[in-house]
Number of protein chains: 2
Amino acid sequence: MTLDRRSGCPINLSLEVFGDRWSLIILRDMIFGGRRHFRELLNHSMEGIASNILADRLKRLVELGMLTRTDDPTHKQKAIYSLTEMSITLVPIMAQLGAWGRVWLPVTEDLSIRAKLLEEGGPSLWDDFMNELRFEHLGIGTPKPAGTTVRARLHAAYQAVVEAQARKAS
Amino acid sequence: MTLDRRSGCPINLSLEVFGDRWSLIILRDMIFGGRRHFRELLNHSMEGIASNILADRLKRLVELGMLTRTDDPTHKQKAIYSLTEMSITLVPIMAQLGAWGRVWLPVTEDLSIRAKLLEEGGPSLWDDFMNELRFEHLGIGTPKPAGTTVRARLHAAYQAVVEAQARKAS
DNA sequence: TTCAACCAATTGCAAAATGCAATCAGTTTG
DNA sequence: CAAACTGATTGCATTTTGCAATTGGTTGAA
């Protein structure tokens, strides 16, 4: 997989990597949802990605250096997809994208609470989160106590909103 | 023009607005290149956008509220495209995109010097730049002395690199 | 007053990407 | 041994893209 190289402009080249309707969605699910397997990405996809598109994008992202693919020792057919430093450093872009979308687009409260927290936490929270991802995906650094991680906090906030909505609806 | 609404996730909805290979390129040329007319966007396009794609995206961006289209009083056929607050607040996203691309992709020096300055300037420079865009496109706020604007400084840096490259090549 | 250059698109068409459903062969679990 | 699960692949219809040519009109200069 090689870039088009329409121009050497950084914004253009970034768009050539993930300027489509699915690549960033897959990376979002890996970064914020903790997905590591094909089936996890396929079956829990909020937007309903098709399996052929998912297969195509995973292959492409691996070829571009955004992901790595390794065999799962517990299952001979299972593959584990890992983020690379290249995709981990997408966190600030994701944060800005979420912040912008929250202001201008018809987001739902449950799905935007994480973006809100990420925005409020600012660059220092993004750094903490990236370090967690480095530990999980690259084996770099030291683990944090379970439940205190950024992902756990984001997820807890999401769950709280979902439960509040359920109470309101009932 | 209405969004797909695959989900209410802010990242997904943002992608539905500009998750394609041309929309952000057009907005980049308007924000950083100061383009306001169809022909300017078409003829000075580094990536070589086709006229039908440009027409389609301009229409779409207007419908989504990212641009406004007004008649040019000097030419009955000429249209002026203006950024809206919605697209002006894309500046932080552009800055992050440029910063990421500069690290990970084969950018050229001339086309990435602006991204470098924008990154180094940080949020306060982004704010200055957004305020300039608000004055230019929305008529809000006060003008700055010519030559001291962020856009002028970015452009001067770009020109300096281009000239240095020309000297080196000769 | 004629005419070339310019204006924002539109049209026709081939190629590529997308989306959907069905399917695949191998692996694990009950 | 069968059912469920693994990461895909295939076939096919639809949609989007990209390119080149063209449209109907405007402008400015000769």
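By convention in this document, chain letters (A, B, ...) are assigned in the order of the sequence lines, proteins followed by strands, and residues within each chain are numbered from 1.
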* For D56(A) and dG11(D), give me the distance from atom CG to atom P, rounded to whole Å. => 16 Å
* Structure fact -> Between I53(A) and K76(A), whichever has its closest DNA chain C nucleotide further toward 5' is I53(A)
* Structure fact -> From the candidates dT17(D), dA21(D), dG18(D), the one with an atom nearest any side-chain atom of S51(B) is dA21(D)
* Structure fact -> Residue set satisfying side chain to side chain donor-acceptor pair (under 3.5 Å) with K78(A), at least two apart, ordered chain then number -> none
* **N or O in side chain of R39(A) less than 4.0 angstrom from dG7(D) OP1/OP2** => yes
* Please confirm whether any donor atom in the side chain of Q77(B) sits under 3.5 Å from an acceptor in the base of dG25(D), or the reverse. => yes
* To do: Identify, with sequence neighbours excluded, every residue that meets ring pair (Phe, Tyr, Trp, His ring centres under 6.0 Å) alongside F32(B).
  => F129(B)
* To do: Verify, without hydrogens or angle tests, whether S45(A) (side chain) and L42(A) (backbone) share a donor-acceptor contact under 3.5 angstrom.
  => no
* To do: Examine R114(B) relative to Y158(B) and say whether NZ or CZ is less than 6.0 Å from the centre of the six-membered ring and inside a 45° cone about the ring axis.
  => yes
* Does a salt bridge link R151(B) with E136(B), judged by any charged N lying under 4.0 Å from a carboxylate O? -> yes
* Taking heavy atoms of chain A and a 4.0 Å limit, find me the 5'-most and 3'-most nucleotide of DNA chain C within that range. => dT18(C) to dT28(C)
* Asked: Over how many whole Å does the gap from K59(B) atom NZ to dT17(D) atom P extend?
  -> 13 Å
* Residues D20(B), R57(B): salt bridge by 4.0 Å N-O rule -> yes
* Asked: Which listed nucleotide (dT26(D), dC19(D), dG7(D)) is nearest to the side chain of H75(B)?
  -> dT26(D)
* In terms of the nearest nucleotide of DNA chain D, which residue is placed more toward the 5' end: R36(A) or N52(A)? -> R36(A)
* To do: Measure the distance from CG on N43(A) to P on dA4(D) and round it to the nearest whole Å.
  => 15 Å
